[in-house]
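What follows is a single structure, written as structure tokens, with notes after it.
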Amino acid sequence: MSGVPMEHGLVLAAMLFALGLAGLMFRRNMVFILMSLEIMLNSAGLAFIVGGTAWGQPEGQAMFLLVITLAAAEASVGLALLLQLNNRFKTLDTDAASRMRG
Amino acid sequence: MMLVWLILIPFIGGLLCWQFERLGDTAPRWIALGTMGLELLLTLWLWWGGDFQLPEIAGAQASQWVLEFRAPWIPRFGIDIHLALDGLSLILIALTGFLGVLAVVCSWKEIIGRVGFFHLNLLWILGGVVGVFLAIDLFLFFFFWELMLVPMYFLIALWGHSGTQGKTRIGAATKFFIYTQASGLLMLVAILGLAFAHHAATGIYSFSYDDLRNAPISDELAMWLMLGFFIAFAVKLPVVPLHGWLPDAHAQAPTAGSVDLAGILLKTAAYGMLRFTLPLFPEASQAFAPVAMTLGLVGIFYGALMACGQQDIKRLIAYTSISHMGFVLIGIYAGTQLALQGVVVLMVAHAFSAAGLFIMSGQIYERLHTRDMTQMGGLWGRLGSLPGFSLCFVAASLGMPGTANFIGEFMVLFGTFPIAPWVVAIASVGLVLAAIYSLFLMQRVYYGPAKSDEPLEGLDHREYVMLLGILALVLFFGLYPQPLLETSGAAMHEIQRLFTDPALTTTILPTGAS
Amino acid sequence: MMELSMSLLLPLTFLLPLAGTLILSLSNGRLGECASATVGVTSMGLAAIVTVLIALQYIAEPQAYGVTLWRWISVEDFQPSIGLALDGLSLTMLGIITGVGFLIHLFAAWYMQGEEGITRFYAYMNLFVFSMVLLVLGDNLLLLFFGWEGVGLCSYLLIGYYYEHSANGWAAFKAFIVTRTGDVFLAIGMFLLFFELGTLDIAEILRRAPEVWAEGDPTVELAALLMLGGAVGKSAQLPLHTWLADAMAGPTPVSALIHAATMVTAGVYLIARMNGIFLLAPDILELTGIIGALTLLMAGFAALAQTDIKRVLAYSTMSQIGYMFLALGAGAFDAAIFHLMTHAFFKALLFLSAGAVIVSCHHEQDMRRLGGLWRQLPLAYAGFIVGGSALAALPLVSAGFYSKDEILWQQLASGHGGLLLAGMVGAFLTSLYTVRLIILTFHGKPKSDNARNAEAGRGLVHGVPLIVLAVLSTFLGAWIDPPLENLLPAPAEGEESWHLVLELVAAGVAIAGIAVAAWLYLRRRGWLAKHTSMGWGAWLWTFWNHAWGIDELYDRVLVKPYRGLVRILRRDVIDGACNLFAKLAWLLHQGLSRTQTGKLRFYATSMVAGATLILLALALMP
């Protein structure tokens, strides 16, 4: 199981993470924000897999399972919030929901 | 056990008031009245039965308490539920009972919403105050000291009046809470410091008054700890730079709150100084006395000047309290028997006169719906016998002979003269200022052309009896203060002995020895 | 047996008026006009009868009586009691207070008829008598101070009796504050005496003082000065005299009782009572005389330029008390008390007559609007003639002549030439303003409808007090000899042959004053009017009308700065300073709450920025 060097896998993970972060920072639409979050979570999962594979350790895969669970939970809460946002503000723009400003 | 009941009765009464609110608004009032009446009667019964005369040979080891109660609370740190009663605390508890009855009676018609909860708060304040007057374990004292703040906060915040100049009752309540809480924490630090110093010297944890009084601490540490106590009490008294909460709290509080605040909450501070600051740190207090007296003078003048500039009648009365408490401070730190006894009389007298004035302004407010004196004037002919009562309380407030205030003020001044003649000479000028602000009040409220011919409701029987009762006490103690003097005599003698002759009592080590 | 009844009678003198006050004030407005007046006058009448009984006993057996009712305060050696002491001096005062007081109460029933709040009026009046009796009977300084403050309070209440006019309230306010300033001096004096002598009992103080202090000791001089301060305030002498003229805002019987006959003479009583202290302080005694002389001249000139009947009388009261201080200054305590007594008679008479004029003329008291009243108001006119002659010390027939002559003689005997001269000038001024007062009020043509339609008062209540006081103001009153022998220190002895010369000169001065005034005001009215309305005459008129501008001076030096200070402090500067902490917290809050925008993306971005910063910091850390 060689071929793909660990660095490539990590670089890919970092790029995915950066993409997700950029999406989180620049998109206003909540659907895209949730998608960006998923991407970030998965990039982190990818990094675990790559690391685990490189060192031949099982913890990487165990962590990925945790990440998947977390992502599922996050998605369900996030979608619920999204529905609420849509119901109350008739929009998916997160900036509209800024009532908690100081 | 009697002492525990004295504390518990108001707390239990308060809970009953709260629960029996469902029977209607009148039930809590009667329960509260009965509770405070019982408290007052118990105290008077103790007064009648107790012997408060000066012991023939005042040995240092002889117990100075008439009644004592002791049970362990947190034995690990030597914290006890240690209650004790002597003449001073008895007088102040009787005063608490009397003003408690007044507070209940004067809010009979004023408080309409959440009557049960109101009386819960009112009675819990009084319970806390009684605890403060009885506790001689320092930790327990601190506990009660903090305990009386919370219900007072609610009293002001929930049933207060929104004030002039955009001042809200919530703001006033918060200010009151922050001032007293911060100062209370300072006291806690001082108490802990003292207890640790005692532990360091003896290896025993104790918060007991008697143990800590003999704690061997260095002069420097004693000075700092004394300051901690002094500042805590100074905020409550109040002494001038720390008085900011008082006018706001008074102006915004309901009448019952003002009566309790001026009548007894301020007295807890003077009591604290007499009971703790002076006996625990006699030498440091002695060294601090000139500063304290100067602060007292500043208070007399500043309070008087401020009172002249007020338009809100309750703020005016609040500032007069500051002025009167200046005399109390001077008397406490003069430390002679005469001055200390004068302080006791003055505390009682001020409680009566301030209560009378606050009740009067409450009654004016009920009729005119304003506390702004510029909108009053010419009320003499329109209020039945209220002006006459006001006149008497104003006269008491300016120290007219025949009232207890005169006895108190003049005993303080007579007693202070040998210690600090110049302080007395300057403080006497305060008597003129007292006349100025008192008559200002009369002039603004009662003299001048009437604003309207519409007759106002006169005093009903409840109000008449209430005011007549206070007035009778003011005059009685003005003409025959001996019951007060005899009761507090022994306690004051003890304090005076500790204060003026510290070498006799404790074995304070020289600097650095601890 | 004697002792026993005295111990009953003495308390009655003040308990009766007190009972009157209590009945009236607790009646809660249920008593009508007539009933109130009856209660008020009866209690005074009974007190006067009790005083007569006391006087009879005292004359039968002249000695000092003492009654201790109860121990007032007892702490260590601070033991003032509620105790009464009667000797010749207090008996004299007691007689004046209850006797003249009763007549004035009686007259007030006529004067006040139809006014609102008679109950209140009599409650105050009785309370005043109560306090005044305590003042003169108290056997210790603290009880004296009780009465001293009590009369001040009653004076305040009665000056402000007509409460609908703010001006009256302010006049009362001023009276109370100015006298209280004096009271504070008295209080400090009390502290000092107690500290030095360890007692407040008056007899004991007078006994111990010579043992502790030598003559002229600075401490005793200070104590005497402080007492003098109190006396000056109460007796309206320079520099605390400004309240008395304004105090005329009260009803006229009040002015007669409080501001002429009794309360204002309390200062004279105090100094006479504490004579032992003052004799040990010769400098202060000298000062007393000088204050008296200055006041009598100042007030004499001021009285010349007043237009209100009552203000003329007020200034003349100041001036007459100045004479009493003059006597005290020369050490002639009995002469001062004698003049106090005659003055109480004739000044009460003058005030009551003025009251009769005022009510008859529908509350007109400006002399420029009166005139020609002698036909309509014969009784008041007679009262003014008798009282005025006593005031001007008309030789032989008037009571004032004997007492004033005694004072002037004592100045000569003790060698105070300058003060004697001041007294002589004062006597001339007195004649001048007295005659002016009578002529402007009663002679010439009526100058207003109120004066033209004057209705004379009727009835015993109106007549009896005037007639009795008029009799007492003549030489008959001077026959009453206050029982002061062996009580007050004897004054200096002078060359008797000079006494007659002085009497003649004094009589000459008084008559000359009357003659000059009669000539001026009857014959040369136009000339006077011309000269007082232009040039320096007008200036002098205004100056004297404002009583030498002292009021304005105080206003500028004391009142205005005080008000300014109050205005500056009104917002509670110190509290403001403490609130700075709250302000600071608020500012911080404002700043930090800016960062809470509520925008999700802002939070995410700032989190990234923060994480980046931390990572960078970690990476760059050495």
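Predicted model only: the values in this text are computed from it and were never measured. Naming: A, B, ... by sequence-line order, numbering from 1 per chain.
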If one checks every heavy atom of Leu226(C) against chain B at 4.5 Å, the contacting part turns out to be neither
For Trp72(C), is it the side chain, the backbone, both or neither that has a heavy atom under 4.5 Å from a heavy atom of chain B?
both
Aromatic plane relationship, Phe194(C) with Phe414(B) - under 30° parallel, 30 to 60° tilted, over 60° perpendicular
perpendicular
Heavy-atom pairs under 4.5 Å with chain C - which of Phe406(B), Tyr302(B), Phe410(B), Tyr446(B) has more of them than the others?
Tyr302(B)
With a 3.5 Å distance limit and no angle check, can you tell me whether Trp245(B) reaches the backbone of Pro238(B) through a side-chain donor-acceptor pair?
no
With a 3.5 Å distance limit and no angle check, can you tell me whether Thr181(C) reaches the backbone of Ile177(C) through a side-chain donor-acceptor pair?
yes
Select one option (side chain, backbone, both, neither) describing which atoms of Val345(B) are under 4.5 Å from chain C's heavy atoms.
neither
Who among Gly309(B), Gly388(B), Pro421(B) has the most heavy-atom pairs with chain C under 4.5 Å?
Gly309(B)
Please state whether the side chain, the backbone, both or neither of Asp77(C) comes within less than 4.5 Å of a heavy atom of chain B.
neither
Side chain, backbone, both or neither of Tyr161(C) within contact of chain B (heavy atoms, under 4.5 Å):
neither
Most contacts with chain B, counted as non-hydrogen pairs under 4.5 angstrom, among Trp148(C), Phe185(C), Trp70(C), Tyr162(C)
Trp70(C)
Using non-hydrogen atoms and a 4.5 Å limit, figure out which bit of Phe440(B) sits close to chain C: side chain, backbone, both or neither.
both
Select one option (side chain, backbone, both, neither) describing which atoms of Ala425(B) are under 4.5 Å from chain C's heavy atoms.
both
Which answer fits Met411(B), side chain, backbone, both or neither, if we ask what part of it has an atom under 4.5 Å from a heavy atom of chain C?
side chain
Would you say Glu204(C)'s side chain and Leu200(C)'s backbone share a donor-acceptor pair under 3.5 angstrom?
no
Do Thr219(C) and Asp217(C) meet the criterion of a side-chain donor-acceptor pair at a distance under 3.5 Å?
yes
Does the side chain of Thr242(C) pick up a donor-acceptor pair with the side chain of Tyr554(C) at under 3.5 Å?
no
Quick check for you: among Ala123(C), Gly160(C), Ala167(C), Ser74(C), which has the greatest number of heavy-atom pairs under 4.5 Å with chain B?
Ser74(C)
Select, from Phe145(C), Phe176(C), Phe146(C), the one with the greatest count of heavy-atom pairs under 4.5 Å involving chain B.
Phe146(C)
Report which part of Glu149(C) has an atom under 4.5 Å of a heavy atom belonging to chain B: side chain, backbone, both, or neither.
both
If you tally heavy-atom pairs under 4.5 Å against chain B, which of Arg563(C), His165(C), Met190(C) wins?
Met190(C)
Trp170(C) portion near chain B, given a 4.5 angstrom heavy-atom threshold
both
Test side-chain contact (heavy atoms from CB on, under 4.5 Å) on Leu186(C) and Met227(C) and set out the steps.
CA-CA 5 Å; Leu186(C) 176 59; Met227(C) 298 262 151; 3.9 Å; yes
Using distance alone, with no hydrogens and no angle criterion, decide if Gln341(B) and Ser488(B) have a side-chain donor and acceptor under 3.5 Å apart.
yes
Sub-4.5 Å side-chain heavy-atom contact between Lys175(B) and Asp575(C):
yes
Looking at Val429(B), Leu398(B), Val424(B), Leu459(B), which makes the most heavy-atom pairs under 4.5 Å with chain C?
Leu398(B)
Tyr562(C), OH: over 12 other non-hydrogen atoms inside 6.0 angstrom:
yes
Using non-hydrogen atoms only, which part of Arg567(C) is less than 4.5 Å away from chain B: side chain, backbone, both, or neither?
neither
Check: Ser438(B) and Thr320(B) side chains under 4.5 Å, non-hydrogen atoms:
no
Ser81(C) backbone acceptor or donor facing Asn140(C) side chain under 3.5 Å:
yes
Contacting moiety of Leu431(B), where chain C heavy atoms sit under 4.5 Å:
both
In terms of heavy-atom proximity below 4.5 Å to chain C, should Leu391(B) be classed as side chain, backbone, both, or neither?
side chain
With a 4.5 Å limit on heavy-atom distance, are the side chains of Pro11(C) and Leu69(C) in contact?
yes
What part of Leu565(C) is in contact with chain B, defined as an atom under 4.5 angstrom from a non-hydrogen atom: side chain, backbone, both or neither?
side chain
Over 12 non-hydrogen atoms of neighbours within 6.0 angstrom of CZ in Arg71(C)
yes
Phe78(C) portion near chain B, given a 4.5 angstrom heavy-atom threshold:
side chain
Winner by heavy-atom pair count (cut-off under 4.5 Å) against chain B, out of Asp183(C), Ile82(C), Asn168(C), Leu142(C)
Leu142(C)
